[in-house]
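Contents: one structure, followed by commentary.
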Amino acid sequence: MRTRFILMQTSHAGNVGAAARAMKVMGFDDLVLVAPRWPDVLQRAEAVERASGAGDVLEKARIVATLDEALDGVQYLCATVMTARDFGPPTFTPREHLSLVASQQESVAFLFGSERYGMRNEDVYRCHAALTIPTNPDYGSLNIAAAIQVIAYEWRSVIGDPRRVGSSAAHQDKADARAVAGMLEHWEQSLTAIGFLDPAAPKKLMPRLNQLFNRAQPTPEEIHILRGVAKAMAEAAKRPRR
């Protein structure tokens with residue numbers, strides 16, 4: 001099971017090292033940082049010290065500028081939130097949802113927000129599900145490394161031995177999250193061109209379409225068809241009306 005941990009706009013180098021340690025303990029090593037505060041965060045002394053033996057995870061980790069880049073190859077994306085949003089993907093506890101994810105997916109990523117601001121709504125909207133860790137309702141704030149440790153443990157409990165290797169043609173057939181995002185950007189442009197989407201008042205049209213396609217989990221071939229539809233809409237918008 002390919003598993004990635006994505007940290008958004010991390011501001012403390014020590015937390016990156018602690019996250020690497022939490023991941024290695026549970027047998028995971030795919031760490032991606034999106035626009036961290038420090039460009040050299042993976043080499044900073046605080047990160048190396050807090051990694052405490054998980055330096056190999058830091059060495060393998062990648063820094064990217066955007067979430068789109070971090071999602072390359074990811075089929076299913078889980079946000080981590082303290083409380084459920086009024087709008088967006090369904091929210092579950094890790095234990096009630098992750099066994100279902102493991103049975104249907106081949107590559108999964110867990111998305112963690114900034115220490116300062118948590119998860120932005122626009123990033124949560126892109127996810128297939130949101131995970132919330134049951135905590136004391138009067139004091140539910142978890143350090144990011146602690147949250148990663150809990151999620152990593154729950155996920156390891158579901159998928160089992162880290163040496164297990166498996167494949168499924170059905171799983172691999174699903175388009176990754178980056179392909180879905182690219183298709184949605186194409187649709188946004190075309191819906192604007194035909195007058196269906198008003199950029200000045202978009203409301204939640206695109207996040208709702210994002211959720212729709214996340215539930216559908218289209219294949220690469222279906223993404224190609226949907227891009228064809230978007231292209232046809234844009235071309236129709238250019239034709240003079242009779």
Side-chain angles (χ1 to χ4, degrees), residues 1-67 69-72 74 76-83 91-95 97-98 101 107-120 123-124 127 129-163:
M1 176 69 71
R2 297 191 300 277
T3 303
R4 180 172 299 160
F5 289 79
I6 302 173
L7 277 56
M8 300 288 295
Q9 300 175 325
T10 311
S11 58
H12 299 291
N15 285 338
V16 175
R21 182 179 182 180
M23 289 171 57
K24 184 168 183 177
V25 165
M26 303 314 304
F28 303 112
D29 63 2
D30 189 353
L31 173 64
V32 178
L33 309 179
V34 179
R37 179 183 180 187
W38 308 104
D40 64 342
V41 64
L42 297 173
Q43 291 80 41
R44 292 179 76 88
E46 309 98 296
V48 176
E49 290 169 5
R50 292 285 298 279
S52 186
D56 54 332
V57 178
L58 289 183
E59 290 174 6
K60 184 181 176 182
R62 296 182 292 119
I63 294 178
V64 297
T66 66
L67 180 56
E69 296 171 83
L71 295 180
D72 189 26
V74 172
Y76 196 88
L77 184 61
C78 293
T80 52
V81 300
M82 185 182 297
T83 57
T91 302
F92 308 94
T93 64
R95 190 160 297 181
H97 187 59
L98 291 183
V101 175
S107 61
V108 174
F110 299 102
L111 183 61
F112 296 82
S114 151
E115 302 98 316
R116 294 179 176 180
Y117 312 113
M119 288 285 297
R120 301 185 308 171
D123 294 329
V124 175
C127 297
L131 301 178
T132 184
I133 298 170
T135 56
N136 179 352
D138 297 323
Y139 187 70
S141 178
L142 278 173
N143 174 275
I144 190 169
I148 288 173
Q149 189 72 78
V150 172
I151 296 293
Y153 167 76
E154 293 286 357
W155 185 231
R156 176 57 65 201
S157 298
V158 169
I159 65 176
D161 192 327
R163 297 166 295 182

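We number each residue from 1, following the sequence as shown.
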Which value, rounded to the nearest 0.5 Å, describes the distance between [X] atom [atom1] and [Y] atom [atom2]?
X	Y	atom1	atom2	result
Asp29	Glu59	CG	CD	11.5 Å
Asp72	Ser107	CG	OG	10.0 Å
Leu131	Ile151	CG	CD1	5.0 Å
Ile63	Leu31	CD1	CG	9.0 Å

Check: [Y] and [X] side chains under 4.5 Å, non-hydrogen atoms:
X	Y	value
Asp30	Thr3	no
Leu98	Val108	no
His97	Glu154	no
Leu33	Leu42	yes
Phe110	Ile148	no

Which heavy-atom pair separates [X] from [Y] by the least distance, and what is that distance?
X	Y	result
Thr93	Pro134	CG2-CG, 3.8 Å
Val41	Ala47	O-CB, 3.3 Å
Ala79	Met119	CB-CE, 3.7 Å

Scan the side chains in residues 6-27 for donor-acceptor partners under 3.5 Å anywhere in the protein, sequence neighbours excluded, and list what turns up.
from: Ser11; atom 1: OG; to: Glu115; atom 2: OE1; distance (Å): 3.2
from: Asn15; atom 1: OD1; to: Asn143; atom 2: ND2; distance (Å): 3.3
from: Asn15; atom 1: ND2; to: Glu115; atom 2: OE2; distance (Å): 3.0
from: Lys24; atom 1: NZ; to: Gly53; atom 2: O; distance (Å): 3.1
from: Lys24; atom 1: NZ; to: Asp56; atom 2: OD1; distance (Å): 3.1
from: Lys24; atom 1: NZ; to: Asp56; atom 2: OD2; distance (Å): 3.3

I'd like to know whether Leu67 forms a side-chain contact (heavy atoms from CB on, under 4.5 Å) with Leu111, so could you lay out the CA-CA distance, the side-chain angles of the two residues, the decisive distance to 0.1 Å, and finally the verdict.
CA-CA 10 Å; Leu67 180 56; Leu111 183 61; 3.9 Å; yes
For Arg37, does the CZ atom have more than 12 heavy-atom neighbours from other residues, nucleotides or ligands under 6.0 Å away?
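Yes, the 6.0 Å shell around CZ holds more than 12 heavy atoms from other groups.
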Plane angle bin for Phe28 and Phe5 - parallel if under 30°, tilted between 30 and 60°, otherwise perpendicular
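Ring orientation of Phe5 relative to Phe28: tilted.
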Keeping the roles fixed (side chain from Arg156, backbone from Gly160), state whether a donor-acceptor pair exists under 3.5 Å.
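Between the backbone of Gly160 and the side chain of Arg156 there is a qualifying donor-acceptor contact (under 3.5 Å).
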